[in-house]
Amino acid sequence: MEVDRDTATAQRPIRFLEDEQVHLQRSGLKLSDFDVRGTLGTGTFGRVLLVRHRTSASYPSSQNHFAMKVLRKTEIVRLRQVEHVNAERYILSRVSHPFVVDLFATFQDSLNIYMLMSYVPGGELFTHLRRARRFTPDVTRFYLATIILALKYLHSFNIIYRDLKPENLLLDARGYLRLTDFGFAKIVDDRTWTLCGTPEYLAPEIIQSDGHGKAADWWACGVLCYEMLVGYPPFFDESPYGIYEKILVGHIHWPRTMDHLSRDLIRAFLNPDRTKRLGNMNGGSQDILDHPWFRGVDWDALERREINVGT
Ligand code: ADE
C-alpha cells in the first residue's frame, strides 16, 4: 500500500494513543485510499463500512476488501470511551488468532479513528441463530469450541474480552467464527471493576461490582452455550434490572429436550461462585477442554482450522 503523508491529522485536539501512534504513521493510510462499498453495521459512536482498497483493486476481492470501523472522535469523548477505544486498538493490534478478527492498520483524521480489519463475509452468528431458532448440539459444540480457543488465547495474555454474545461473533467464508468488537477488552492482572458488557451475558460478580476477571468470560460462555442450544438466553426479562435480578437469583429453566451432559456443562460455566466456575479453577481452561461434553473434539486440528462445521 502506498504511503501518503498528507493524512488529515493536523489540529488534533484529543489525544488518542499519541505516544504509541501504533499504526498511524507506519500505515500512512487515509480514508480516500478506499472506496466505500456499503455499511456492515452501526454502533453508538461509529459504524463499520465495507471498503475496497483502491490501489490494490486488481487483487482478488478477498485481498482488497476490508471492514473499516469508523469511530467519531467527538462521540468517543462525549461517551467517555477514549480508554476503551485505545484499549481496543492496542489489544487488537497485538493479538493474532484464527478465531479473532485481524486488525491490519489504524489511522485517524481530525474527525474519526479508522480501524482496518479483515472483512468477515458470513454475517453475525446472531442472525444465523435467530434464523435457525436453535443449533444442534454438534453445531453448538463446534462454535463454542472455537470461542473457547479464542478466549484461552486471549486469557494467556491476561486479556479479558468482556462482551461475548452472538452479535460479536462473525462467520467467515469457511463457516468459522471470528470474535470481533474489542471495545470492552482489557488487560488485567487480576480483576477490574468497570461495569460493562451486555445485560443477558453479565456474570453475577460484574452486577455486584465485586471485581471481575477471566471468569466473567467463562460465565458468558455458559450463557452463549445455552442460547445456542435453546434459542434464547437463560436469564431474560424486559428490563436490564429484571435480567440482573434473574442472574443473581440464578434459577435456570432446563427444556426437557436438553440432555444431562449439556446441563452439566452449562451449570459448571454458570456457577455464581467464580472460584468454582469451570475454566477458573486450578486446571484453568484445560478443565473446559477436558469436559465430557467436548469428548471427541480435536482441539489442535480445530485451531489449525482443519475441522469443519458439524463434523
Ligand atoms: N461487522 C463488524 N465487523 C465486521 C467485519 N470485520 N467483517 C464483516 N462485518 C463486520
Side-chain angles (χ1 to χ4, degrees), residues 1 22-24 27 29 31 33-54 56-57 59-73 75-76 79 81 84-108 112-132 143 146-147 149-151 153-154 159 161-185 196-198 201 217 220 224 227 305 309:
M1 290 180 188
V22 182
H23 285 103
L24 169 65
S27 78
L29 291 168
L31 186 59
D33 293 335
F34 299 89
D35 290 322
V36 177
R37 291 298 175 96
T39 301
L40 297 167
T42 47
T44 17
F45 43 85
R47 56 220 138 99
V48 181
L49 304 174
L50 173 63
V51 298
R52 189 194 65 146
H53 187 246
R54 290 185 178 182
S56 38
Y59 290 20
S61 67
S62 63
Q63 284 169 40
N64 66 25
H65 279 69
F66 300 92
M68 186 189 277
K69 189 166 180 173
V70 183
L71 301 166
R72 194 161 267 270
K73 288 181 175 180
E75 284 301 283
I76 298 169
L79 299 166
Q81 296 296 313
H84 282 161
V85 171
N86 282 338
E88 175 171 25
R89 286 174 60 191
Y90 182 85
I91 289 169
L92 262 185
S93 67
R94 276 161 179 75
V95 299
S96 172
H97 189 270
F99 306 134
V100 174
V101 78
D102 291 311
L103 176 69
F104 298 117
T106 63
F107 54 98
Q108 57 185 306
N112 299 311
I113 300 265
Y114 303 93
M115 298 173 63
L116 195 66
M117 301 180 297
S118 44
Y119 170 48
V120 188
E124 295 174 3
L125 184 71
F126 180 85
T127 315
H128 294 266
L129 180 56
R130 290 294 177 270
R131 202 176 289 146
Y143 288 142
T146 61
I147 293 316
L149 287 174
L151 291 175
Y153 168 82
L154 294 172
I159 297 165
Y161 175 67
R162 301 200 294 180
D163 204 15
L164 190 65
K165 56 178 173 178
E167 292 90 325
N168 286 343
L169 299 168
L170 303 174
L171 273 93
D172 73 13
R174 288 184 52 206
Y176 289 94
L177 291 181
R178 293 263 185 161
L179 198 53
T180 189
D181 202 340
F182 276 60
F184 291 146
C196 62
T198 302
Y201 279 74
D217 281 339
L224 181 66
E227 183 165 351
R305 297 164 55 94
V309 63

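Remember, it's 1-based here, ligands and their atoms both numbered in the order they're listed. Just so you know, residue 1 is the first one in the sequence shown, and it goes up from there.
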_R178 side chain to V100 backbone, donor-acceptor under 3.5 Å_ = yes
_Parallel, tilted or perpendicular: ring planes of F66 versus F34, cut at 30 and 60 degrees_ = perpendicular
*Heavy-atom nearest option to atom 9 (N) of ligand 1, drawn from L40, L171, L103*: L40
*Kindly say whether V101 contributes a backbone atom to a donor-acceptor pair with the side chain of T180 at under 3.5 angstrom?*
no
*Hey, which atoms in ligand 1 end up nearer than 4.0 Å to a heavy atom of V101?*
6 (N)
*asked:* Can you confirm, on distance only, whether ligand 1 has an N/O atom lying under 3.5 Å from any N/O atom belonging to S118?
replied: yes
*Against heavy atoms of A67, which atoms of ligand 1 measure under 4.0 Å?*
4 (C), 5 (C), 6 (N), 7 (N)
*Parallel, tilted or perpendicular: ring planes of Y119 versus H65, cut at 30 and 60 degrees*: tilted
*Quick one: nearest non-hydrogen protein atom to atom 4 (C) of ligand 1, plus distance?*
L170 CD1, 3.3 Å
*Check the surroundings of atom CZ in R305: do more than 12 heavy atoms from other residues, nucleotides or ligands lie under 6.0 Å from it?*
yes
*asked:* Is it true that D163 and T198 share a donor-acceptor pair across their side chains at a distance under 3.5 Å?
replied: yes
*Per-atom contacts, ligand 1 versus Y119 - under 4.0 Å to a heavy atom*: 7 (N), 8 (C)
*What about V120: any of its N or O atoms under 3.5 Å from an N or O on ligand 1?*
yes
